[in-house]
Every structure is written in structure tokens, then in C-alpha cells.
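Input: a single structure, listed below in C-alpha cells.
Any value given below was found using the heavy atoms of this structure, including those in side chains, with hydrogens, waters and symmetry copies removed. Letters go in sequence order (proteins before strands), and every chain restarts at 1.
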Number of protein chains: 2
Amino acid sequence: MAAPTRKFSRIQPEMRREHLVEATLRCLAEHGHAGVSVRKIAAAADVSIGLINHYYPSIDQLISHAYETLSGGIANGLLEASESGVGPRDSLSRFIQESFGPAVLNPDMLGVWVVFWSMVRHSADMQAVQQRTYGQYRQVLERHLAALARDNNLTDINIQAAATALNALLDGLWLTWCLNPQNFSVEDGVAMCEGWVDAFAAGAFLPRLKV
Amino acid sequence: MAAPTRKFSRIQPEMRREHLVEATLRCLAEHGHAGVSVRKIAAAADVSIGLINHYYPSIDQLISHAYETLSGGIANGLLEASESGVGPRDSLSRFIQESFGPAVLNPDMLGVWVVFWSMVRHSADMQAVQQRTYGQYRQVLERHLAALARDNNLTDINIQAAATALNALLDGLWLTWCLNPQNFSVEDGVAMCEGWVDAFAAGAFLPRLKV
DNA sequence: CGCTCTCTTGTACGAATGTTCAACAAGAGC
DNA sequence: GCTCTTGTTGAACATTCGTACAAGAGAGCG
């Protein structure tokens with residue numbers, strides 16, 4: 001009578017890992033820190049509890065892998081967006097626009113990042129991922145800022161510090177907005193960042209950021 | 001022979017609450033999210049497990065109280081520091097200096113704030129504390145920035161957006177530094193913020209931040 | 001001194017946690 | 001069609017969690 005329903009299906013390890021990471025991110029976005037749970041993630045991925053530990057010896061490694069995946073995805077999005085610009089000034093505008101896009105600026109995401117940050121201090125793996133991805137972000141900004149400085153005949157400026165500042169402004173606005181989206185509008189956020197880049201191009205930061 | 005050692009001592013409710021909050025902050029700084037534990041906090045405060053629940057019906061309320069205490073303390077420190085300045089420009093410098101002082105810029109603190117932020121989304125109490133304290137920070141910045149704008153004959157500038165941006169720059173640098181203190185030096189951090197204020201005073205943001 | 005109030009203690013309980021492991025079954029290879 | 005590999009399952013374990021609650025003990029007051 002009842003057809004013997006398939007109890008589970010096999011998937012290639014690579015696919016399964018991707019599948020688990022995706023479920024992890026969904027779980028963290030929904031439950032925040034409470035989502036760091038083998039059982040909750042297993043339920044979100046619709047697999048058994050044991051399968052998680054089959055692929056990841058400990059749950060920390062799954063979280064770490066999810067961190068790397070999310071960071072890499074966003075870094076790629078920002079890189080692609082900025083590369084599509086014509087000239088450094090336009091590239092920076094696209095970087096800013098993408099930073100305030102729905103994929104990045106999302107209150108649900110705050111719950112995810114907060115989990116990651118909380119683990120950076122106690123996990124060497126997470127520290128490594130953090131440093132690598134932060135380096136990626138800043139490197140992209142440094143390249144465009146350096147080109148912009150050259151275009152505007154700005155010399156002896158500390159590009160690394162400038163990229164750090166712009167990145168911090170973006171991060172700070174992101175954090176502020178995620179904690180309470182009513183703090184400011186997306187347009188104002190973009191305007192504040194664009195204003196910073198304009199000021200940079202005009203040499204407004206030169207006196208403080210000499211190399 | 002052995003003197004009957006006192007098993008515990010009574011303290012006035014107000015003092016006890018302060019004592020518990022202090023232990024909570026120490027616990028969060030040391031253990032991060034794992035520090036959100038009645039047992040760990042009780043051990044840190046050297047009291048019994050039950051006493052926590054005597055003063056706080058649920059642990060969330062203790063965390064919320066700790067959030068309010070820490071935020072209020074830092075807000076007071078920043079307010080006092082900035083009030084000691086002569087004129088708006090100096091006040092802002094002192095605000096910046098204090099923001100990069102050891103009481104605020106401390107990697108241990110990141111673990112504490114991360115716990116608070118993670119609870120903001122799911123707790124109305126925490127949301128209320130967040131909005132109140134963020135308003136305090138920004139209000140102080142708005143006052144000094146408005147005075148500085150007046151001194152420099154800048155009109156029709158969106159002071160609220162400017163305060164948001166400066167606050168975000170401070171927060172973003174704080175976050176970046178706490179995640180990895182080797183990202184930049186404190187002096188560079190101060191320089192980037194001072195540079196932003198200089199650019200603001202020079203009217204560099206006027207085109208983007210018209211009211 | 002003794003009474004009383006309540007601050008404080010510590011056990012108890014059910015629920016949820018991460019990890020382990022033996023058993024099952026899907027699907028490729030022959 | 002059979003075998004074998006291994007992806008997958010789910011029960012079991014010790015641990016930790018937050019909260020409840022009855023009993024104990026400090027300290028002020030009569």
C-alpha cells in the first residue's frame with residue numbers, strides 16, 4: 001500500500017556542507033545566539049543531529065565555516081560592484097551603494113555577525129577568518145582610494161588609514177542602522193559616506209593623514 | 001576553637017544590585033556569551049545562585065540592568081570629558097580622546113557589548129535602553145557640532161546626520177580595533193576622527209548634508 | 001533577651017545543550 | 001542482482017542551563 005518513502009537522500013559532501021552552512025546562517029539570523037545549536041541547525045537543514053557532527057567534528061568549526069562563507073560572499077559582492085564602476089570615484093560610489101543594499105544592510109544580519117564577533121576572541125579559527133576578510137575589504141578600498149588620490153594630485157597621504165576610516169564609517173553606520181533602522185535613512189547614510197569620499201578627494205584629510 | 005565564621009553578610013538592596021551588576025560585567029568581559037549564566041555570575045559575585053533570582057526575576061533583567069549601567073557610565077564619562085573643553089572644537093577633541101581612552105577602547109569590552117547587541121533584537125527592555133543611550137551620545141555630539149557650525153558660519157547643515165556620521169566613525173573604529181588591535185594605532189584613530197571634524201568645520205560636507 | 005522580617009542559601013527539577021556511537025540504508029561498482 | 005562503501009540516522013550520555021522553593025541565618029526592634 002503505502003509506498004516506502006525514501007528516508008533520506010545522499011548528497012555529495014561538497015553540496016552537503018554548503019547545505020549545512022546555509023541552514024546555519026538561516027538559523028543564526030532567526031534565533032541569534034540561541035541558533036548556535038546542533039539541534040536547531042539540524043532541524044533547519046532537515047537532517048539528523050548526527051549528520052552535523054559527521055561533517056564538522058565540533059559545532060565551532062561549522063560556525064567558522066559559515067563565517068567564512070558569509071564574509072566571502074559579501075566581499076565578493078562588494079568587489080564586483082566596485083569593479084563595475086568607471087574610474088575610482090565611481091567605483092567607491094558603487095562600493096558604498098552596495099554596502100547599503102539589502103544583502104548587507106539587514107537587521108537579521110546583525111544577529112549573525114554578533115555571534116561571529118563574540119567567537120573571535122576565544123577562537124583562533126575565527127580570528128584568522130576575521131583578519132583575512134577584513135584585509136580583503138580594506139584592500140579593495142585602498143586600491144580605489146589610492147587611484148582617487150592620484151587623480152586628484154594628493155601625495156604623501158596615508159592610504160591605509162584612510163581606507164580604515166572609510167571602512168569604519170561604513171561599519172559604524174551599518175551597526176547603528178541595524179540596531180535601530182529609524183536612526184537614519186539609507187539615503188542619508190549614503191550621503192554621509194559620499195561626503196567623506198568627496199572630502200578625501202578634495203584633500204580635506206591631508207593635514208591629519210600625512211604618511 | 002574555630003570562630004563561627006559568618007556565612008554571609010547582608011547588604012542594602014541598592015548596594016547589592018550594584019554589586020551584582022559589577023559581577024555581571026566582569027563575567028561578560030571574561031567569558032563573553034558563556035558569561036550569561038546565573039551560576040557564573042553568582043560565582044563571580046561570591047553569592048548563592050538563588051540570590052540572583054531574588055533581585056532579578058529573570059536573568060534577562062539583570063543583563064538589561066547591566067547594559068543600562070555600563071552605557072550610562074560611558075555616556076557620563078564622555079559628557080564630562082567634552083564639557084571640560086573650551087569651545088566646541090576642543091570639546092569634540094576631548095570627546096574623541098575619551099572615546100579612545102582605556103575605559104572605552106578595550107577588547108574585553110567587545111565581548112560585553114556583543115552580548116547586549118544580540119539581545120536588543122529580541123528584548124523590548126534592551127531596545128529601550130539602546131535607544132535611550134544612543135540618543136544621549138548623539139545629543140552631546142549634536143550640541144557641539146551645532147556650535148562648531150555656528151562658529152564657522154555654516155548654515156543649513158544637517159546636524160543630526162553629521163552627529164550620526166561622527167558617532168558611526170567612532171563606533172566603527174572602536175569595533176575594528178577591538179576585533180584586532182593591530183589594525184591601526186590609537187593615534188591614527190584619533191587623527192582620523194579629528195580629520196573628520198576639521199573637514200566638517202571647513203564645510204567639506206556641506207554639499208552632501210544640506211538640511 | 002527574644003521576635004520578626006527578609007536577605008540569603010542550596011537543593012531540586014525539567015529542559016536543553018554538545019558529542020559519541022552502533023545500526024541502518026542509499027547508491028555506486030561490479 | 002549482489003556487495004560494499006559510507007552518508008545518514010537517532011538513541012544515549014554527561015553536563016549545563018534557568019527557575020522555583022523551602023529552610024536557614026543575619027540584624028534591627030521591642
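Between A:Trp117 and A:Trp174, the ring planes lie perpendicular to each other; the angle is over 60°, past the 30° to 60° tilted range. The aromatic rings of B:Tyr56 and B:His65 are tilted relative to each other, their planes meeting at an angle between 30° and 60°.
Taking every heavy atom of both residues into account, B:Ala42 and B:Ser48 meet most closely at CB-O, 3.7 Å.
The nearest whole Å value for the distance from the CD1 atom in A:Ile41 to the C1' atom in D:dT9 is 18 Å. The distance from atom CD of B:Glu14 to atom C1' of C:dC7 is 15 Å, rounded to the nearest whole Å. Whole-Å rounding puts the A:His33 NE2 to C:dG18 P distance at 12 Å. Rounded to an integer number of Å, the gap from A:His19 NE2 to D:dT8 C1' is 13 Å. Between the C1' atom of D:dT8 and the CD atom of A:Gln12 lies a distance of 16 Å, rounded to the nearest Å. The interatomic distance linking A:Met15 (CE) with D:dG7 (P) rounds to 15 Å, in whole Å.
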Identify the pairs formed between an N or O of the protein and an N or O of nucleotides 27-30 of chain C at a distance under 3.5 Å, and give each distance.
from, atom 1, to, atom 2, distance (Å)
C:dG27, OP2, A:Arg6, NH1, 3.3

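Under the side-chain hydrogen bond (donor to acceptor under 3.5 Å, both in side chains) criterion, B:Arg26 pairs with no residue, sequence neighbours left out. For the side-chain hydrogen bond (donor to acceptor under 3.5 Å, both in side chains) test, residues two or more places apart in sequence or in another chain that qualify with B:Glu83 are B:Arg143.
For the pair A:His54 and D:dG7, the criterion of a side-chain N or O lying under 4.0 Å from OP1 or OP2 is met. At the phosphate of C:dT8, OP1 or OP2 sits under 4.0 Å from a side-chain N or O atom of B:Tyr55.
Residue pairs meeting the side chain to side chain donor-acceptor pair (under 3.5 Å) criterion with at least one partner in residues 100-114 of chain A, sequence neighbours excluded, are A:Asp108-B:Arg121. Screening residues 128-137 of chain A for side chain to side chain donor-acceptor pair (under 3.5 Å), with sequence neighbours left out, gives A:Glu68-A:Arg132.
Counting non-hydrogen atoms under 4.0 angstrom, B:Ile52 reaches nothing in the nucleic acid.
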field: Nucleic acid footprint by protein, nucleotides 10-23 of chain D - heavy-atom cut-off 4.0 Å, B for base, S for sugar-phosphate alone
entry: B-B----BBB----
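Panel note: side chain A:Thr176, backbone A:Gly172; a donor-acceptor pair is recorded below 3.5 Å. Judged by distance alone, the side chain of B:Ser64 and the main-chain N or O of B:Asp60 form no donor-acceptor pair under 3.5 Å.
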